[in-house]
Amino acid sequence: MGYAINLGPASLSSDCPLLTDYISPVPVTGLRDVWRAGGLVTQAAGAVSAWAGIEGAVAVQTTGSRQPAWSATGIASGIPGITTDGTGHVLMTSITPPSAGYIVIAVKMPASVTGSAQTFVGSETDATHRLRLGTQGSKPAAAIGDVVYADLIGGSNLAAATRYVVGLAWAGGTASLRINGLEVDTASYSGGVGTAPFAIGANSTISSFAAATFAVVAIFDGALMSGQLDAIDAGMAVAIGL
């Protein structure tokens, strides 16, 4: 018996998910999950209480004052974004750091960029077991194990109201910070990545809040080759209109 799928026009409830909500903007090899601001977002009057990844992990925030803001034009016309305010907005995931992997975000910086340390995506169990991707002194930076932001940092300041793809890859005691598809710094680390679930928009300790607008957040499991990282970054760049 055969089946037909009708792709013609239909009147759907606004609560009905679309097929495009489940299409990954990045390669899926090693993918733990990817969250798209244009995908499965639960929001009321723009306040985001849940952000579901295509693999089923949900980043949540039940406290109204900590809920980030969704906008259909948060990044640009036709590109939605979820904005954290840098003072209290955060979404908590259930995903813990893999022993090797890649965190990457497609993000737009705010109209004014401060020099304070901020965390785009973070997990911190203790001072030597952590994994954080963020900024230090307006530059992209990362912390892993015993390595702090000042030891794994990009060379150029992040410009206001500008879009970037920022990533942190780690495996076998070596970490790599990437900006727009290019490796900008590396560091050797000891300690570990810890077990605290990742937060989006801050560190998992509910601190070091980031002021930024997220188009896509993705977490990968496993030691990825440079070509795989390049392909992931390319997909993120397309998603944010670079």
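The first residue in the sequence is number 1, and the count goes up from there. We use all heavy atoms of the structure for the numbers below, so side chains are in, but hydrogens, waters and symmetry mates are not. Only a predicted model underlies this, so the values are computations on that prediction, with no experimental measurement involved.
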Side chains of residues 94-113: which donor-acceptor partners sit under 3.5 Å, not counting sequence neighbours?
unit_1	atom_1	unit_2	atom_2	d
Tyr102	OH	Asp233	OD1	2.6
Tyr102	OH	Asp233	OD2	3.3
Lys108	NZ	Ile75	O	3.1

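Atom CH2 in Trp170 sits 6.5 Å away from atom CD1 in Ile144 (nearest 0.5 Å). Atom CD of Glu124 sits about 7.0 Å away from atom OG of Ser207, to the nearest 0.5 Å.
Pairs of residues two or more places apart, or lying in two chains, never qualify as side chain to side chain donor-acceptor pair (under 3.5 Å) while including a residue from residues 42-57. Among residue pairs with one or both ends in residues 134-160, none qualify as salt bridge (charged side-chain N to carboxylate O under 4.0 Å, His left out); sequence neighbours excluded. Pairs engaging residues 218-232 under the salt bridge (charged side-chain N to carboxylate O under 4.0 Å, His left out) rule: Arg32-Asp221, Arg178-Asp230 [sequence neighbours left out]. Sorted by first and then second residue, the side chain to side chain donor-acceptor pair (under 3.5 Å) pairs involving residues 157-167 (not counting sequence neighbours) form an empty list. Within the structure, side chain to side chain donor-acceptor pair (under 3.5 Å) pairs that include any residue of residues 77-91 comprise Thr83-Thr213, Asp85-Thr87, Asp85-His89 (at least two apart or interchain).
Judged by distance alone, the side chain of Asp185 and the main-chain N or O of Gly155 form no donor-acceptor pair under 3.5 Å.
When each of Val28, Thr29, Leu229, Val26 is checked for a side chain to side chain contact (heavy atoms under 4.5 Å, CB included) with Phe220, only Val26 meets the rule.
Put simply, the side chain of Ile82 does not reach to within 4.5 Å of the side chain of Trp35, judged on heavy atoms. Side-chain contact between Leu168 and Leu152 is present, with heavy atoms from C-beta onward closer than 4.5 Å. Within the 4.5 Å cutoff, no side-chain heavy atoms of Val60 are placed close to those of Leu91. Contact check for Pro25 versus Val34: side-chain heavy atoms found under the 4.5 Å cut-off. For the pair Thr119 and Tyr149, the minimum side-chain heavy-atom distance is below 4.5 Å. Considering only heavy atoms from C-beta on, Ile232 comes within 4.5 Å of Leu224 through its side chain.
Considering only residues two or more places apart in sequence or on other chains, Ser123 meets the side chain to side chain donor-acceptor pair (under 3.5 Å) condition with none of them. Residues meeting the side chain to side chain donor-acceptor pair (under 3.5 Å) test with Gln67, sequence neighbours left out: none. Looking at residues two or more places apart in sequence or on another chain, you find no side chain to side chain donor-acceptor pair (under 3.5 Å) involving Arg130. Every residue two or more places apart in sequence or in another chain that forms a side chain to side chain donor-acceptor pair (under 3.5 Å) with Glu183 is listed here: Ser176. Scanning for salt bridge (Lys or Arg N to Asp or Glu O under 4.0 Å) contacts around Arg66 gives an empty result, with sequence neighbours left out.
Other members of the cluster containing Met225 do not exist, because no ILVMFWY side chain is joined to it at under 4.5 Å.
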